[in-house]
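Have a look at the structure below before the remarks.
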Number of protein chains: 2
Amino acid sequence: MDLTIAEENYLKAIYHLSEGGKKSVSTNDIAGEIQTKPASVSDMLRRLSDKHVIQYKKYYGLQITESGKQLALQTIRKHRLWEVFLVDKLQFAWDEVHEVAEQLEHIQSSLLIQRLDAFLNYPKFDPHGDPIPDEYGDVRSRPRIPLNEMNIDQVGQIVAVKDSSAAFLRYLDKVGAYIGARIKVLDKVEFDGSVEILVDQKKTLFMSKDVASNILVLQS
Amino acid sequence: MDLTIAEENYLKAIYHLSEGGKKSVSTNDIAGEIQTKPASVSDMLRRLSDKHVIQYKKYYGLQITESGKQLALQTIRKHRLWEVFLVDKLQFAWDEVHEVAEQLEHIQSSLLIQRLDAFLNYPKFDPHGDPIPDEYGDVRSRPRIPLNEMNIDQVGQIVAVKDSSAAFLRYLDKVGAYIGARIKVLDKVEFDGSVEILVDQKKTLFMSKDVASNILVLQS
DNA sequence: AAATTAAATTAGATATATCTAAAAAAAATG
DNA sequence: CATTTTTTTTAGATATATCTAATTTAATTT
């Protein structure tokens, strides 16, 4: 039983919200995540339930099933592999890839994804630093902490961002805080939580707590 | 005014049928080309006419407009570029690419196609030997003739096939008559039109007129 | 616990895309 | 040229996916 593109998008949103730590996923949450109205979500939940990718009781709540989780992970796998392709092979900037990957993730061909994976040399992380599930849906994530929670003199590498809006990504690119950059915490201001960091051992950068909390660092 | 995926597919079919030499394109022809029913075609013709990509008069006939032609050519451009990608970069066999390219051709991103074109080094022909329209819709096609119309001792290169069904393509691969193969006509049997050719200066091959007429050769 | 507010669902519409069956128009045939 | 056949179109259904407005259920407040 195959999913339509709309169903795949809803399921991916539900998966992301489920993994996002929140105890339960509400109709309103889903509507907010995919820019639609709660009425449309209710409709879709019934359909997803019919296809057994979620368990759903009206007015009560929902839970993603194991098969639903696997389908969502495969969509995420495709999305992130295409992002690597766009950045590594087609010289896209990392803030330009999302919209196109949203389309490419729905192409149906397991051979294509196998070959693409090999062509890209089996990448484990996408350009935003998010882990790429393998063909069995397994995800190896690295322990990452927000930049504002690091201590003075600690070093690490920027591996991901929480807020991946185009505006935020452009801001980061502009100030030179790209994914992969090696950083060292030089100073932290106690009362407002802002931080000063050294990027690639040459450039110092000040940023607010707000910005720093959206940058995830792999400590080394 | 953008076209839906279904509209793009109909328009592409109409373009192919229009270019196919036939004087007029019938509802039944289109239904046959796209595997749908004539009633669905009538419906779609009305919609395509509303969007001014064809001119259409009920019971009378249709003609593709200039803007329709341009849109069709851009879809064909995308299809053929993706085919080159699949064969050159992802090691797909040339008889495995069609179905996937049918999906990829609908991805909307002009930047993507620009970059893909550059990445593939601006190819002029797809793996089946068909010309790739440029970004302005211009097509430079090579003069090609069916293999059965060549004369004895003439040499050339296989550049395309008329019948691109998977069965025919697999047959060609099996006997070693791939796209790009250099051939020489050794003999022609008058009464049944069958031909004997030399492939890559080492392998001789017999084929019926039926097969030979579906193989297009660039003479040299 | 009754009243209010918030969240979720249903009812009814709209748009796309398809189908079958019936009707209308054009083409072919005797 | 009237009749038959073929082609094309319309009418009416179905399925997906969405919306607004109304209703129902759950949660919160007093």
Side-chain angles (χ1 to χ4, degrees), chain A residues 1-14 17-18 20 22-64 68 71-72 75 102-103 105-108, chain B residues 1-14 17-18 20 22-64 68 71-72 75 102-103 105-108:
Chain A
M1 179 123 57
D2 272 354
L3 299 184
T4 65
I5 289 178
E7 286 166 349
E8 268 185 16
N9 284 332
Y10 273 92
L11 190 60
K12 194 167 58 114
I14 290 167
L17 290 167
S18 300
K22 289 183 112 177
K23 50 229 151 278
S24 70
V25 179
S26 76
T27 301
N28 273 341
D29 287 344
I30 299 169
E33 181 87 359
I34 38 185
Q35 310 241 68
T36 185
K37 294 291 182 299
S40 308
V41 176
S42 285
D43 253 26
M44 184 56 89
L45 292 182
R46 195 180 29 71
R47 280 196 293 258
L48 291 176
S49 186
D50 289 346
K51 294 195 174 180
H52 306 106
V53 295
I54 62 169
Q55 268 190 298
Y56 171 56
K57 237 170 95 181
K58 292 195 307 189
Y59 294 108
Y60 200 83
L62 66 93
Q63 220 190 330
I64 195 164
L71 287 173
T75 305
E102 282 290 301
Q103 298 179 61
E105 73 186 6
H106 300 296
I107 303 291
Q108 290 187 353
Chain B
M1 177 123 58
D2 272 354
L3 300 184
T4 66
I5 289 177
E7 286 166 348
E8 269 185 14
N9 284 332
Y10 274 92
L11 190 59
K12 195 167 55 116
I14 290 167
L17 291 168
S18 299
K22 289 183 112 180
K23 51 232 149 275
S24 70
V25 179
S26 77
T27 302
N28 272 343
D29 287 344
I30 299 169
E33 180 89 357
I34 305 202
Q35 311 242 67
T36 185
K37 294 291 181 297
S40 308
V41 176
S42 283
D43 252 26
M44 184 56 90
L45 292 182
R46 196 180 28 72
R47 280 196 294 256
L48 291 176
S49 186
D50 289 347
K51 294 196 174 179
H52 306 106
V53 295
I54 62 170
Q55 267 190 299
Y56 170 57
K57 237 171 96 182
K58 291 197 305 189
Y59 293 108
Y60 198 82
L62 67 91
Q63 220 191 328
I64 194 163
L71 287 171
T75 305
E102 282 290 300
Q103 297 180 60
E105 73 186 7
H106 301 295
I107 303 291
Q108 289 186 355

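This is a predicted model, so every value here is computed, not measured. Here is how names work: the chains are called A, B, and so on, in the same order as the sequence lines, proteins then strands, and each is numbered from 1.
Put simply, CG on A:Leu62 and CD1 on A:Ile54 are 5.0 Å apart, with the number rounded to the nearest 0.5 Å. For the atom pair CG of B:Leu71 and CG of B:Leu48, the computed distance is 10.5 Å after rounding to the nearest 0.5 Å. Atoms OG and OH, from A:Ser24 and A:Tyr60 in turn, are 10.5 Å apart once rounded to the nearest 0.5 Å.
Here B:Glu8 pairs with B:Leu3, B:Thr75, B:His106, B:Gln108 under the side-chain contact (heavy atoms from CB on, under 4.5 Å) rule; sequence neighbours left out. Applying the salt bridge (charged side-chain N to carboxylate O under 4.0 Å, His left out) test to A:Lys12 and every residue at least two apart in sequence or in another chain returns A:Glu102, A:Glu105. In this view, B:Ala39 satisfies the side-chain contact (heavy atoms from CB on, under 4.5 Å) rule with no residue, not counting sequence neighbours.
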Enumerate the protein-to-nucleotides 2-4 of chain C contacts in which both atoms are nitrogen or oxygen and the separation is below 3.5 Å.
none

Atom pairs, N/O to N/O, protein against nucleotides 20-26 of chain D, distance under 3.5 Å?
none

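When the nucleotides C:dA17, D:dT8, C:dT18 are ranked by their closest atom to the side chain of B:Thr27, D:dT8 comes out on top.
Note on B:Thr4: only backbone sugar-phosphate atoms sit closer than 4.0 angstrom, heavy atoms only; bases stay farther off.
In this structure, B:Asn28 places its CG atom 13 Å from P of C:dA28, rounding to the nearest Å. Distance, A:Leu48 CG to D:dT16 P: 12 Å, rounded to whole Å. Between the CG atom of B:Asp43 and the P atom of C:dC19 there is a distance of 10 Å, rounded to whole Å. Straight-line distance from the OH atom of A:Tyr10 to the P atom of D:dT16: 14 Å, rounded to whole Å. Between the CE atom of A:Met44 and the P atom of C:dT10 there is a distance of 15 Å, given to the nearest Å. Rounded to an integer number of Å, the gap from CG of A:Leu45 to C1' of C:dA8 is 10 Å. Rounded to whole Å, the distance from CZ on B:Arg46 to P on D:dT8 is 17 Å. One atom, CD of B:Glu7, and another, P of C:dT18, lie 10 Å apart when rounded to the nearest Å.
Note on the helix from C:dA1-D:dT30 to C:dG30-D:dC1: angle between the axes of the first and last five pairs equals 10°, rounded to 10 degrees.
Between A:Arg46 and A:Asp50, the closest side-chain pair of non-hydrogen atoms falls below 4.5 Å. Using a 4.5 Å heavy-atom cutoff, the side chains of A:Asn28 and A:Val41 are not in contact.
Without hydrogens or angle criteria, A:Ser18 side chain to A:Ile14 main chain gives a donor-acceptor distance under 3.5 Å.
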task: Check the pair A:Ile30, A:Thr36 against side-chain contact (heavy atoms from CB on, under 4.5 Å), reporting the backbone distance first and the verdict last.
output: CA-CA 8 Å; A:Ile30 299 169; A:Thr36 185; 5.8 Å; no
message: A:Ile34 vs A:Tyr10, test: side-chain contact (heavy atoms from CB on, under 4.5 Å). Steps then yes/no.
response: CA-CA 7 Å; A:Ile34 38 185; A:Tyr10 273 92; 3.3 Å; yes
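Side-chain N/O atoms of A:Thr36 include none lying less than 4.0 angstrom from OP1 or OP2 on D:dA17.
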